[in-house]
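What follows is a single structure, written as structure tokens, with notes after it.
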Amino acid sequence: MTAGTPPPATGSPTRRMTVKRAINETLREEMQRDPTVIILGCDVGVRGNPFGVTKGLYEEFGAERVLDTPISEAAIVGSSLGAAATGLRPIAEILFSDWITIGMDQLVNQIAKIRYMFGGAISVPLVIRAPVGAGGGQAAQHSQSFENWFSAVPGLQIVMPSTPADVKGLLRTAIRSDDPVLFFEHKRGYEIKGEVPVAEYTIPFGVADVVREGTDVTVVALSIMRHKAMAAAEELAAGGVDCEVIDPRTVYPFDYDAVLASLAKTGRLVVVHEANRRSNIGGEIVSQVVERGFDLLKVQPRIVAGLDVPMPYNRALEALVIPDVDRIKQAVLAAVGQ
Amino acid sequence: MTAGTPPPATGSPTRRMTVKRAINETLREEMQRDPTVIILGCDVGVRGNPFGVTKGLYEEFGAERVLDTPISEAAIVGSSLGAAATGLRPIAEILFSDWITIGMDQLVNQIAKIRYMFGGAISVPLVIRAPVGAGGGQAAQHSQSFENWFSAVPGLQIVMPSTPADVKGLLRTAIRSDDPVLFFEHKRGYEIKGEVPVAEYTIPFGVADVVREGTDVTVVALSIMRHKAMAAAEELAAGGVDCEVIDPRTVYPFDYDAVLASLAKTGRLVVVHEANRRSNIGGEIVSQVVERGFDLLKVQPRIVAGLDVPMPYNRALEALVIPDVDRIKQAVLAAVGQ
Amino acid sequence: MRHRITSEENCEAVAAFERDTLTPMTVSPALGPNELREMYARMRLIREFDSAVKELWKQDFIYGLAHSYVCAEAIAVGACAALHEGDYITSTHRGHGHTIAKGGDPRRMMAELMGRAAGYNKGKGGSMHIAAVDMGMLGATGIVGSAMPIAVGAALTAKTLGQPFVTVCFHGDGATNQGVWHESINLAAAWSLPVIFLCENNQWAISMPYDQAVRNPSVADRAVGYGIPGVTVDGFNAIAVHDAVAEAAERARAGGGPTLIEARFYRYIGHFVADDESYRDTDCNAQWEQFDPITRMAGFLVESGAADRAWIDEADEAASATVLDAIEFAKAAPQPELDTLYDGLYSDAFMQQQGIGR
Amino acid sequence: MRHRITSEENCEAVAAFERDTLTPMTVSPALGPNELREMYARMRLIREFDSAVKELWKQDFIYGLAHSYVCAEAIAVGACAALHEGDYITSTHRGHGHTIAKGGDPRRMMAELMGRAAGYNKGKGGSMHIAAVDMGMLGATGIVGSAMPIAVGAALTAKTLGQPFVTVCFHGDGATNQGVWHESINLAAAWSLPVIFLCENNQWAISMPYDQAVRNPSVADRAVGYGIPGVTVDGFNAIAVHDAVAEAAERARAGGGPTLIEARFYRYIGHFVADDESYRDTDCNAQWEQFDPITRMAGFLVESGAADRAWIDEADEAASATVLDAIEFAKAAPQPELDTLYDGLYSDAFMQQQGIGR
Ligand SMILES: Cc1ncc(C[n+]2csc(CCOP(=O)(O)OP(=O)(O)O)c2C)c(N)n1
Ligand SMILES: Cc1ncc(C[n+]2csc(CCOP(=O)(O)OP(=O)(O)O)c2C)c(N)n1
Ligand SMILES: [Mg+2]
Ligand SMILES: [Mg+2]
């Protein structure tokens, strides 16, 4: 998979590392910088998280700041709110975002609303890290991507980067934000490598990354679909179809300006995401684009998404459900009428 | 508010009743007909539900079939699944759909998936009744409409009718369905009156009601927005703008054929729902229409929805958030270029 | 399974309370005459405030739902009298009493209930979300049990930052059957957090009697499973509540972890402002009034010599005057401007950056 | 707060188990020689099956995650031996043992683990969702604690329809801190439902030792709060588990309501097929093997005269033959057709009506 570009702002020297390493470093650096930052969740401490994401942090910062919790997601999410409201900056982890459902009430009815319904009297500076996505035969309860659910909830911010540089800059922004952030890592994206600026930097929310410039079709691809979209774009370029690939990086706020600017060139839109097609972020993006730039569209927008089934265990069935490079290419070719 | 039309199929004699009465009657009739139907939830029994929806059922069917529960939504939803899997047809009630968040894991990760992930070995014939919607100053935690969340979850069916006749025919279909159904009543719609056929009837899921035929603009309006849309349509007709008003009645399955057939006449689409605009059902409907009938659209589709804030308590602010007849009229007029 | 409570059972509950729970009010070393008088004044203020709320709701000055703290005054006031400045409390859907007990301003409270810009929540919350964060009152919530982990999180802050505050988590008997109640108490116990779980067991959750929602009607018994102290106190007795909370707070500050306190009493009023109580026989409610926590507190003030009847009459008048003033203030206070709709949705920096509400 | 377990603590746990929990295997009136032999055979079959699974996973015949039931065999087998036909069980993420214990077909199981169309779930579930509904095994789940209310619902069916079946709800110690665990037990207790909550307390939840996830490490103690019987048994002793479940089942069938049984043992293997156990010192794991439930059961068969060594050797061979046959069957079984992707999403009538998958 391609490495993705470092944030435009920085031209400083870089180091090559994985997404996992970028997360781990950012957590460490922010915890060193700010004593109010804590981490809590199942197996984040002594074990250093099952994917190794929090390795070494328990040893460096101790049990008081890297908290192994019982399996109590509602209390993990809810106590993060109470802690955030009284002076800490908690980073809670839900090992698979599928289980955020257990903390759903605290997240949607408390965390997202409390500042507003209390007239601004409380800030909620917290981050919930939760791996999303499918692959590897984890089946129906360990493969989902819920970003659109939370995009529908005013008060939340939703981030889903997939390159080491983006992860670092956006996680830093998330930890320093005074509002709640859902930080969705892709569990199949931890080993993706890329260059990361050495100098400290942040990436603002709501700024898309135009990963590849092109003139024929605008491909908006979320999370690791960005990398599949780039692969498709390279193959299509060989056939003379020139894609502009845009990674929004944050789902809310969403950089519609970047998409519209691109459509002004291409007039053709393909949206790619892994969540199943129905009532998810692809539909939202298309509807916003249609509202904001209907006349820019030369042809109907297309959505390449997961199929509308719970994720099946079987390898071949799973592969059928998850969008792949071919499905992206077909959609792009359809958009250009081939 | 207008009464809405009885289901086309039936020409039989009718009785006038409220939505609340229609629900209560349907529950009673189905419980009389099928001894495996039970009702469970907070305050559904001795109190007959805070809105009076289940009044008299505890007295008629007894504590074994109309179960007052502790305040344990996860167990209410989850035990309904266990009961449905082993021979009952539970009708669970969540008094305000905002709190379905507490049963979210059972609903999304178990109820919706269990038949599929067990290879079809289990059926889940259950209904969850949950009032949605805002109005009356109930503020941020008692005013939400989550239909799009569940429309994104393969395995569920989502119904949200708003006339007595529709409620009766669709609730009957829901109770007899072998798959899980979310039945969303609007808490401000219980007193809506209308004619209801005397003869027993069911209304199939996925069949929209064309409430008003028209040639200029297609207005798709969900739940009680249907009634506001009709009011807007009447006023607009006076001004010479002829709306076709469509109430989908079920969110999944959704009757896109009816919408496309209408657009073939009008070429103009306005979608109206109460849930906030962002990442909700309006965007989904627009995106599906764009995918299926882009060339039918003469102008950009428009969405009239709740504003993207938690519901504020203050009366005037609340009124600002909820779509009203004027906002619908403005959107329609914009669609016809006025 | 669930059966409709007969009037006999209802009256038996009165006898059971008298037999098992009622405890005489006795002098508490920590509470001198001034403290006792202050406690009385706050209890009376709550009573006056919520009595007025009911009328204002009927007159449609107050919108939405409103739940009265009447007959529970001893609990919030007894508990908060045992707290220090800097301590936090979390609340329930019945938050007026908690707010006043923690020192909330009746004017800003009443303004909030009337949805005014001068209200604690700028008109965005109303009765069900009333919050006085500046006083350490972390807000009312409309979702039963939902404040439990928030209290635990506040206690986590105290422990992590080495701050001396404790947090009292008020919750109803109905909340004890929410999953998050369990997760929260277990987490606080496992981590020895400085939090006090104070259950207002009024024996009803809307139409559900506690002894039909559970098999063992003792909330305190559940403490065993969590390995923490569990105590039951007379919830109509402000001093008993104070003493139990004071002891728990001392233990919590000393690193001894959480305590589960069950304040047992009875809701002898409607669940909310418009409750017809058709789900129960109310003919015994009058009998419960013999335990009226305010009457008992007044009696104790006199017995203990902390105050005389004249002072009590003055205090009562002062309370109603304060409420009248709050009502006038609220009625005169302006409605929020429509362009404040989006205010507070996110932090100001983010709102400006994104141009939200413009 | 959380500290890393030292190897001393680890070995102390062995001593503590021996002191507090270990109970000798004794004759149980309900279990004659045939029953005992059948129990042994199933325990051995589970051991063989899950030992094979680990290899097949490494060889990539099995995809995704797989959790082994090795060292827990006494619990599923002891419990299911106390059940009748028509009784139900719910499971965990460690469902192979429960499935075999309830009489599941190793061929259909192995086929499912290899994602084949002939598998119990037609290849859609895999290890984490293995279900044998025809045998009353209501399926494994990947979400800790999530089967609790499902078991309660099955028990509600029994009570509502007056059917005589009971439901055993297997769950891990980690599940006891999930909110739904609490809600489910309380609901079953309040309604006197015929369900048995059987906690497989192996003292670890991945890297979390139970006594650091809670303050009171006795699961059984929690029964007090719910007003139901709570018992602790030696989880390496199939007969002790059987007797506890049999007694609870009898009470449940007689309308006496639920029981909470804590089967205490220890996970002396990795959490799942690829666990490196880096989060704990494993040097004491070997000591735990002295309690190996299968060795103990074999010893008891001989002592009690239920079987001799020769029979045991035959049984062991039969078990490995059964597993080899299951593996061959599964490897030869066809993959599901791609056009079966949507099958089972909704009932067939609905699928046809909506044209789903066409
Ligand atoms: C999660 C949830 N379920 C149901 C309700 C509806 N409801 C509001 S108050 C209440 C009763 C609460 O009882 P309790 O906790 O004992 O407090 P009390 O009203 O008796 O003070 C219920 C069921 C709710 N607000 N939240
Ligand atoms: C709700 C939820 N949280 C976290 C996980 C990740 N997880 C899988 S198994 C496990 C440990 C479960 O421990 P226990 O219940 O004791 O069962 P055991 O594995 O020890 O048999 C965890 C934390 C999960 N599957 N579900
Ligand atoms: Mg109560
Ligand atoms: Mg365990």
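Letters go in sequence order (proteins before strands), and every chain restarts at 1.
Between chain D and the options A/P312, A/P50, A/P70, A/G45, heavy-atom pairs under 4.5 Å are most frequent for A/P70. Contacts with chain D were tallied for A/I71, A/I102, A/D98; A/I71 has the most, counting heavy-atom pairs under 4.5 Å. Counting heavy-atom pairs under 4.5 Å between each of D/A213, D/G145, D/G142 and chain A puts D/G142 at the top.
Considering CG of A/L317 and NZ of D/K122, their distance stands at 12.5 Å, rounded to 0.5 Å. Distance NE2/A/H142 to NE2/D/H129: 7.0 Å, rounded to 0.5 Å. The CG atom of D/N177 sits 9.5 Å away from the OG1 atom of A/T69 when rounded to the nearest 0.5 Å. Residue A/K55 holds its NZ atom at 5.0 Å from OG of D/S278, rounded to the nearest 0.5 Å. The CD1 atom of D/I62 lies 6.0 Å from the OH atom of A/Y313; values are rounded to the nearest 0.5 Å.
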Next item on the list: Any chance you could lay out the side-chain contact (heavy atoms from CB on, under 4.5 Å) test for A/D308 and D/L345, step after step, and finish with the verdict?
Entry: CA-CA 9 Å; A/D308 287 315; D/L345 180 52; 5.8 Å; no
Note to self: Assess the residue pair D/V144 and A/W99 against the criterion (side-chain contact (heavy atoms from CB on, under 4.5 Å)); give the C-alpha distance rounded to whole Å, side-chain angles, the decisive distance to 0.1 Å, and a yes or no.
What the structure shows: CA-CA 10 Å; D/V144 170; A/W99 316 323; over 6 Å; no
Next item on the list: Could you walk me through whether A/R315 and D/D60 pass the salt bridge (charged side-chain N to carboxylate O under 4.0 Å, His left out) test, one step at a time?
Entry: CA-CA 11 Å; A/R315 215 180 286 252; D/D60 205 27; 3.2 Å; yes
Margin query: Walk me through whether D/M128 and A/Q141 qualify under side-chain contact (heavy atoms from CB on, under 4.5 Å).
Written below: CA-CA 9 Å; D/M128 231 172 349; A/Q141 296 174 337; over 6 Å; no
Margin query: Under the criterion side-chain contact (heavy atoms from CB on, under 4.5 Å), I'd like the reasoning laid out for A/L67 against D/R2: C-alpha separation, chi angles, the key distance, then a yes or no.
Written below: CA-CA 7 Å; A/L67 298 104; D/R2 178 90 166 87; over 6 Å; no
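Taking both residues in full, the closest heavy atoms of A/L320 and D/L338 are given as CD2-O, 3.9 Å, listed atom of the first, atom of the second, then distance.
With hydrogens and angles left out, the side-chain atoms of D/Q335 and A/N314 include a donor and acceptor closer than 3.5 Å. Residues D/S207 and A/D43 have side chains that bring a donor and an acceptor to within less than 3.5 angstrom of each other.
Using a 4.5 Å cut-off between heavy atoms, A/A316 contacts chain D through both its backbone and its side chain.
With a 6.0 Å cutoff to the six-membered ring centre and a 45° limit on the axis angle, A/R47 does not count as a cation-pi contact of D/Y279.
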